[in-house]
Structures are given as structure tokens and as C-alpha cells.
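Notes to accompany the following structure.
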Amino acid sequence: MPEGPSIVILRELIEELDLEGQEVIALSGNTKIEKDRMLHHKVKAFKSWGKHFLICFENFSLRIHFMMFGTYRINERKQTPARLSLSFENAELNFYTCSLKYVEGDVNVNYDWSSDIMAEQWDPKKALKKMKTKSQALICDLLLDQEIFSGLGNIIKNEVLYRVGIHPSSVIDSIPVAKLKLLITEARQYSFDFLNWKKAHVLKKHWLVNTRQFCPLKHPLIKSYLGKTKRRTFFCPVCQILYH
DNA sequence: AAGGATGTTGCCTG
DNA sequence: TCAGGCAACATCCT
């Protein structure tokens, strides 16, 4: 569920319901946040920023983060209790096991859309600048930095590093700038590939290294937990160059 | 069939 | 004091 493209799918599904301008007429769920705050308020917009899904009202927004296991149902219910259920005149949105939080004021003030890898406003040059300020960081950690690549998750990290031939333990400072630029371009491209494959239910079969034992050139892959983030990393020691 | 994972927060410990 | 460890969240996949 949680990487950026999955949130874009959710946003698109909800946008199809044409709920903008409609009033929340009932709320339920086991969330601890003050959910009734949204009662009788009209939704201004549904937005996404990386892994955040936002339901925007006049002076505040609800931020939904699905973490690792969160799910949702649109006009359907699961057996398990919803964390939050929002009712509209002709639709019901149900969110399960997610983290909820209010964001005060204008979302455009709170969120920098240029760091969302899937946004129209995505700014690759800004990403490169931010990366250069962390010159000693490992690339496997920086790709997961939501301030730089919001929406990029662990699967995308593994796949993108293989595609551009960079070893996950490479140090930023040592990677040629042309390679970094290629990586940034590919991170966005792969996110859209992910989106389309996920929609077509063929995402997994396109994985070149994630959860695999051999790379496409039949080299044995290494699986380890690298970087400060210690996230599961699959890489090919032959195809991916270590810059350090 | 047990155990780990697409993620983040926040508490606990040394 | 603070970095690191680890549980929590619930479901699906291997």
C-alpha cells in the first residue's frame, strides 16, 4: 500500500467520486483524533504529497498516512473496525490502520509540492541540491529521505538503484553528478512505471531485483539491511558500481 | 506455516 | 543526552 504511486491511485479513485464541495455528514471510527471537527464541513480538495493523502477543508486538512499496513475501502467495508469512516451523501470512505493527523491552515503553506516525485511541480534540480548538502550520506538512505524524494519507498529504491547501476552503499560525494542526475530522472520515471504496473496488477513481475535471487543478467543478488535506515536492500555486486 | 515486509512514530534503554 | 533498538499497527506473501 504505502509508496507514493499507491497514494496517487487512491487519490485518483476518490477524485472520480466528485466529492469536492460536498459536506461530511457522518463520521465514525476508532481514531483518537477529534474526528467530529470535520462534521458538516465541505471538502475543498483531495491531494497527495508523497505517502501522505490529504483531505482538505477550509482552514485545515486531514493527513492520512498508511504506514506499512494501512488499507482503505471506497463504498465498501472490511470486517475489521475502521480507523476512520467518512460519510457523504452518496459515498463512504473507509480507512484502516492508518495514522491520522490534522494539518492546520493552508496545505500549500505546509507542503512543498516540488519535493513530491510524482507531482507536476517536481523539481529535479532542487533534489540534486539537497542531495549535495548531505555529501557523506549513503545513496540508499537519501533515496528514502522524504524531504528530498517524498513518495519514494523501499521497493522503488531497490529497483531504481539497479536500473542506474549504482551500488546502494555508494557515498553521495563520490557519485559522478551525471549519475546522480540520471538517478533522479529514473526515480520519477520508475514511480510512474510503478503506478501503471500497479494499476494493471503486474507490478511484481516487473521487479528486477526486489525480492529476487538473481539479476536479469543471472548474477546472484545480495540481500542485506544497509545504511542508517537499515532497510532491506537487494542489489547486484556486478551490475551496480560502488562509488566511495 | 512462521516470520517478515512497501513506514513512521514514539517510548525505552544504555 | 541522545542514538539506537524495538514495538506498534494488521494483512498478505513466501
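Within every chain, numbering begins at 1; the chains are lettered A, B, ... in the order of the sequence lines, protein sequences first and strands thereafter.
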Take atom [atom1] of [X] and atom [atom2] of [N], then tell me their distance rounded to the nearest Å.
X	N	atom1	atom2	answer
A:R231	C:dG4	CZ	C1'	16 Å
A:W197	B:dT6	CH2	P	18 Å
A:K198	B:dT6	NZ	P	13 Å
A:K205	C:dT14	NZ	C1'	20 Å
A:F69	C:dA7	CZ	P	13 Å
A:M68	B:dG7	CE	P	6 Å
A:N30	C:dA8	CG	P	17 Å

For the P atoms, the ones on C:dC6 and on B:dG4, what distance do you get once it is rounded to whole angstrom?
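One P to the other, the span is 12 Å.
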
Determine the Euclidean distance between corresponding C1' atoms of C:dG4 and B:dT6; express it in Å to zero decimal places.
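So the two C1' atoms sit 23 Å from each other.
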
Kindly say whether A:S85 contributes a backbone atom to a donor-acceptor pair with the side chain of A:N94 at under 3.5 angstrom?
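Side chain of A:N94 to backbone of A:S85: no pair is present.
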
Strictly by Watson-Crick or wobble contacts shorter than 3.5 Å, is anything paired with B:dT13, and which nucleotide is it?
C:dA3

On DNA chain C, more 5' by nearest nucleotide between A:K204 and A:K230 is A:K230

Between [N] and [X], is there an OP1 or OP2 to side-chain N/O distance shorter than 4.0 Å?
X	N	value
A:R232	B:dG4	no
A:K51	B:dT6	no
A:T211	B:dA5	no

